[in-house]
Amino acid sequence: MEVMTFNIDNDRRNLVDDKQNFSIDFHDSKYNWLQARQYEESMRQVEVHVVHGDGSPVDLTGVNPVFEGWLPEGVYRIIDAKHSVMIDAQNGIFRFDFPAPAFQVAGSYKQAFFRLMKDGMSVTTLEFSLDVMADKVISGLVPSDYITPFEDLYNNLKNYITKSNGDFDTAMTQWKKDVANLVTNLNADVGGINLTITEIKAQLSALEDKIKADGLLTQADLEKYFADFKAEIQSGLDKINDFNESIKNLSVTDVDGGIPDYMKETLESAQAGIDKSKFNLIFATDYHYDIGSTYNPFDNEPPVENIQEMWEAGLRKILNATSLNNADAVVFNGDNVDEPSVHDHKLEKRMMMKEMKDFFKTASSSAKIPAFILKGNHDQNYHHATNYKLPDSVITDKEFEQIYSENVKEYGEIRNGNSNYFYKDFEDKKIRLIGLDAYDLPEGVSGDGSLKFDRFTKSGFQQAQLNWLANTALQVTEGTTVVIAMHHPVDGTLASDPRVINHDVLFQILSDFAGGKSNSVSGKNSDVPVNINYTFSGAGTIAAVLSGHYHIDGNNTMNGINYIQTRCSLTTGDNVIKKKRWDYFGTALEDAFDIVSIDTTAKTVDLKRIGAGSEDTRYATRHFNY
């Protein structure tokens, strides 16, 4: 029996070059593989081990492993939720016995992987190579889709038909309704299949009680009903395939009616004004997209009739930034969503996770250029978690990583494992864009059960990220210009906050990079210890360190580095003009983000404001040398 090991934290493959003619290159030895002969049944088994990045086992208690595959011809699919056997759940080990329909077509599977289902949530393993060798001696199965929930229902149907009596027509009416409901609820998600199957089986038990053993149907009746339900099932499969085709190149461009007319002229002018000879970054921050909020940040003001609409408009405003595809990239710089206030900590967490999925999916799918999403202090529900003193209110790093990976495309960026920090090279512009996670603090609880670190009030950096920054991301080739984005500004550059952790180490690393110095730097916080050693051979170039967080515009130059801040997209949270910003809602000034243009020859940085601030000469255009 073959043994496959999947590391769900570190396993990674490159995106395929052609999504329409999908083909994975399995020549890399890191991939698991399996070979079988056509028509083998149940004898071909694999033992699957699932581990974390450090090699420790993933607890699979309560998990249902599902095999999903796309057959060699690329026409038929296998979704098998019933042939796994849990061997040692706590140590992450299960066996999968491949059924004969998995080996219907000779050749190499287009795609084959396991989906691990639990409580309606799922995580997938990396693909493995599955080759089916031809059997010229016998012929057996006819290629078709094989989806076990449909197969279970269809097999049960045979039993009920043989036991039916004069009430059969009534029973079949209910059965047709059950099938229709299954098809309606099915949305190409195996989780959806598993959740509906229990309910359908309960209805089948009730149906069986109504059908007595006497009064069997004629052969003609049997054939008629079998034909009807084969058609029903095929119709369902057709709908699923149609759905899959429709989402392959889905672009979310109609959120809340899409880009409103009053924004179009401004955006068209901005798009036309982008000089493609320069590196152009769309820098957008602090959307605070929130579902149903009526929170008034300026407490002394009276209620505002459309304040809820202003909070919810954050999702629609994404389209303004992603529409400017003459740029090279877009960064959504944190505080992308906000905490819903419904005074139920579990519900608030679920609502916020839904907000994150909506934001991530909209940003990634609507962008025609690389779109990166960073983390802010509002993006993991730490605010509510602190209020409730309940750590389970927090969206964990693991949950954040899963939502990100399932909803945001990869653009060839380099990350440290599944980190929210990254770098991406734009070689034709000689630019390296670095995104940092400014809320990189240890998870877990203190002795009293409270959160160890409150990421809502504390920005900080751990050893792994700072070491990666100094010894990987900032190790650039000569002539490369670096641009850095992070939610919280580097402490002491634009503002000071005594609660930050290891910002002084970050500042020193950036200063030493610009000065071309070697150093060994240690942090001052014993709870988040860092000690970074690095060597920079020659002075480096940082055009700008971009940040948000404080909902204001600002800038400062220190050690030759431009530290630049941009105000919020959120209409209700502007700390420059405060309530005056609310009057802009429904006009071309309701949003606020910058087009950051870097000329590596002239060594200049120019920021052009779209939205609030463009009416003010202090912020409409900002120019810096580096």
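Paired with Val490 under the rule side chain to side chain contact (heavy atoms under 4.5 Å, CB included), one option of Val500, Leu506, Asn556 passes, and it is Leu506. With respect to Leu324, the side chain to side chain contact (heavy atoms under 4.5 Å, CB included) criterion is satisfied by exactly one of Ile369, Ile282, Asn280: Ile282. Each of Asp335, Asp397, Asp440 was scored for a salt bridge (charged side-chain N to carboxylate O under 4.0 Å, His left out) with Lys375, with one residue passing: Asp397.
In this pair, Trp582 and Phe298 present their aromatic rings tilted. The plane angle is within the 30 to 60° band. Ring pair Tyr295/Trp311 is tilted by interplanar angle, where 30° to 60° counts as tilted.
Electrostatic pairing of Lys580 and Glu615 does not count as a salt bridge here, judged by no charged N lying under 4.0 Å from a carboxylate O.
Side-chain contact between Arg12 and Leu126 is absent, with no heavy atoms from C-beta onward closer than 4.5 Å. Asn377 has its side chain out of reach of His488: every pair of non-hydrogen atoms, C-beta onward, lies at least 4.5 Å apart. Residues Arg316 and Glu590 meet the side-chain proximity criterion, which asks for heavy atoms closer than 4.5 Å. Counting heavy atoms from C-beta on, the side chains of Leu433 and Val331 come closer than 4.5 Å. Taking the side chain as every heavy atom from C-beta outward, Asp425 and Val476 never approach each other to under 4.5 Å. Within the 4.5 Å cutoff, side-chain heavy atoms of Thr493 are placed close to those of Met558. Under the 4.5 Å side-chain criterion, counting only non-hydrogen atoms from C-beta, Asn562 is not in contact with Asn555. Two residues are said to be in side-chain contact when any heavy atoms from C-beta on lie closer than 4.5 Å; Thr572 and Ile307 meet this criterion.
Minimum heavy-atom separation, Asp379 to Asn336: OD1-N, 3.0 Å. Looking at every heavy atom in both residues, Ala620 comes nearest to Ser614 through CB-O, 3.5 Å. The nearest pair of heavy atoms linking Val576 to Arg567 is CG1-NH2, 3.5 Å. Of all non-hydrogen atoms in Arg432 and Thr472, the two that sit nearest each other are NH1-O, 3.5 Å. When all heavy atoms of His345 and Ser393 are compared, the closest pair comes out as CD2-OG, 3.1 Å.
With a 6.0 Å cutoff to the six-membered ring centre and a 45° limit on the axis angle, Lys424 counts as a cation-pi contact of Phe426. Seen from the ring of Tyr439, Arg455 does not count as a face-on cation partner, given the 6.0 Å and 45° thresholds.
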Show, in sequence, the C-alpha distance, side-chain angles and deciding distance for Leu281 and Leu546, and conclude whether the side chain to side chain contact (heavy atoms under 4.5 Å, CB included) test is met. CA-CA 11 Å; Leu281 175 68; Leu546 305 167; 3.8 Å; yes

Using the side chain to side chain contact (heavy atoms under 4.5 Å, CB included) rule, take Gln465 and Leu436 through it: C-alpha gap first, then chi angles, then the decisive distance, then the call. CA-CA 8 Å; Gln465 181 174 189; Leu436 298 181; 3.6 Å; yes

Is there a salt bridge (Lys or Arg N to Asp or Glu O under 4.0 Å) between Asp328 and Lys429 once you walk through the steps? CA-CA 9 Å; Asp328 295 281; Lys429 304 291 179 71; 3.0 Å; yes

Start with the C-alpha distance between Ser547 and Val545, add both sets of side-chain angles, then the distance that settles side chain to side chain contact (heavy atoms under 4.5 Å, CB included), and finish with yes or no. CA-CA 7 Å; Ser547 63; Val545 178; 5.8 Å; no

Worked check of side chain to side chain contact (heavy atoms under 4.5 Å, CB included) between Val482 and Phe513: CA-CA 10 Å; Val482 172; Phe513 171 75; 4.0 Å; yes

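Of the possible polar contacts, one joining the Gln380 side chain to the Ile395 backbone as a donor-acceptor pair under 3.5 Å is found. Proximity of a side-chain donor or acceptor of Asp599 to a complementary backbone N or O of Ala602 within less than 3.5 Å is detected. Counting only distance, with no hydrogens or angles, the side chain of Asn333 and the backbone of Thr285 share no donor-acceptor pair below 3.5 Å. The closest donor-acceptor contact from the side chain of Asp338 to the backbone of Asp290 lies at 3.5 Å or more, if one exists at all. Here the side chain of Asn381 pairs no donor or acceptor atom with the backbone of Val394 at under 3.5 angstrom. In this structure a side-chain-to-backbone donor-acceptor pair under 3.5 Å is present from Asp497 to Arg499. In terms of modelled atom types and a separation under 3.5 Å, the side chain of Asn407 and the main chain of Ile403 share a donor-acceptor contact. A donor-acceptor pair is defined here as one N or O able to donate and one able to accept, closer than 3.5 Å; no such pair exists between the side chain of Ser366 and the backbone of Leu319. Here the side chain of Asn420 pairs a donor or acceptor atom with the backbone of Ile373 at under 3.5 angstrom. Side-chain N or O atoms of Asn326 include one that pairs as donor or acceptor with a backbone N or O of Gln271 at under 3.5 Å.
Phe359 has its ring centre less than 6.0 Å from the ring centre of Phe332. Ring centroids of Tyr626 and Phe624 are separated by 6.0 Å or more, keeping the two rings apart.
Listed by chain and number, the residues in a salt bridge (charged side-chain N to carboxylate O under 4.0 Å, His left out) with Asp594 are Arg609, Arg622 (sequence neighbours excluded). Pro529 meets the side-chain contact (heavy atoms from CB on, under 4.5 Å) test with no other residue; sequence neighbours excluded. Legend: residues meeting salt bridge (charged side-chain N to carboxylate O under 4.0 Å, His left out) with Asp428, ordered by chain and number and at least two apart, are absent. Phe507 meets the ring pair (Phe, Tyr, Trp, His ring centres under 6.0 Å) test with no other residue; sequence neighbours excluded. In this structure Pro391 satisfies the side-chain contact (heavy atoms from CB on, under 4.5 Å) test together with Val445, Leu451, sequence neighbours excluded.
Remark: Lys398 NZ is packed, more than 12 non-hydrogen atoms of other residues, nucleotides or ligands lying under 6.0 Å away.
No hydrogens or angles considered: nothing links the side chains of Thr541 and Lys603 as a donor-acceptor pair under 3.5 Å. Tyr421 and Asn416 are linked by a side-chain donor-acceptor pair at a separation below 3.5 angstrom, with hydrogens and angles left out of the test.
In this structure, CG on Asp286 lies 3.5 Å from NE2 on His551, to the nearest 0.5 angstrom. To the nearest 0.5 Å, atoms OG (Ser323) and CD1 (Ile259) are separated by 4.0 Å. Considering CG of Asp437 and CZ of Phe400, their distance stands at 7.5 Å, rounded to 0.5 Å. Interatomic distance, Ile577 CD1 to Asp616 CG, rounded to the nearest 0.5 Å: 8.5 Å. Separating the OH atom in Tyr404 from the OG atom in Ser364 is a distance of 7.5 Å, to the nearest 0.5 Å. Note: Glu413 CD to Ser419 OG = 9.0 Å, rounded to the nearest 0.5 Å.
Applying the salt bridge (charged side-chain N to carboxylate O under 4.0 Å, His left out) test to every pair with at least one member in residues 462-491, sequence neighbours left out, gives no pairs at all.
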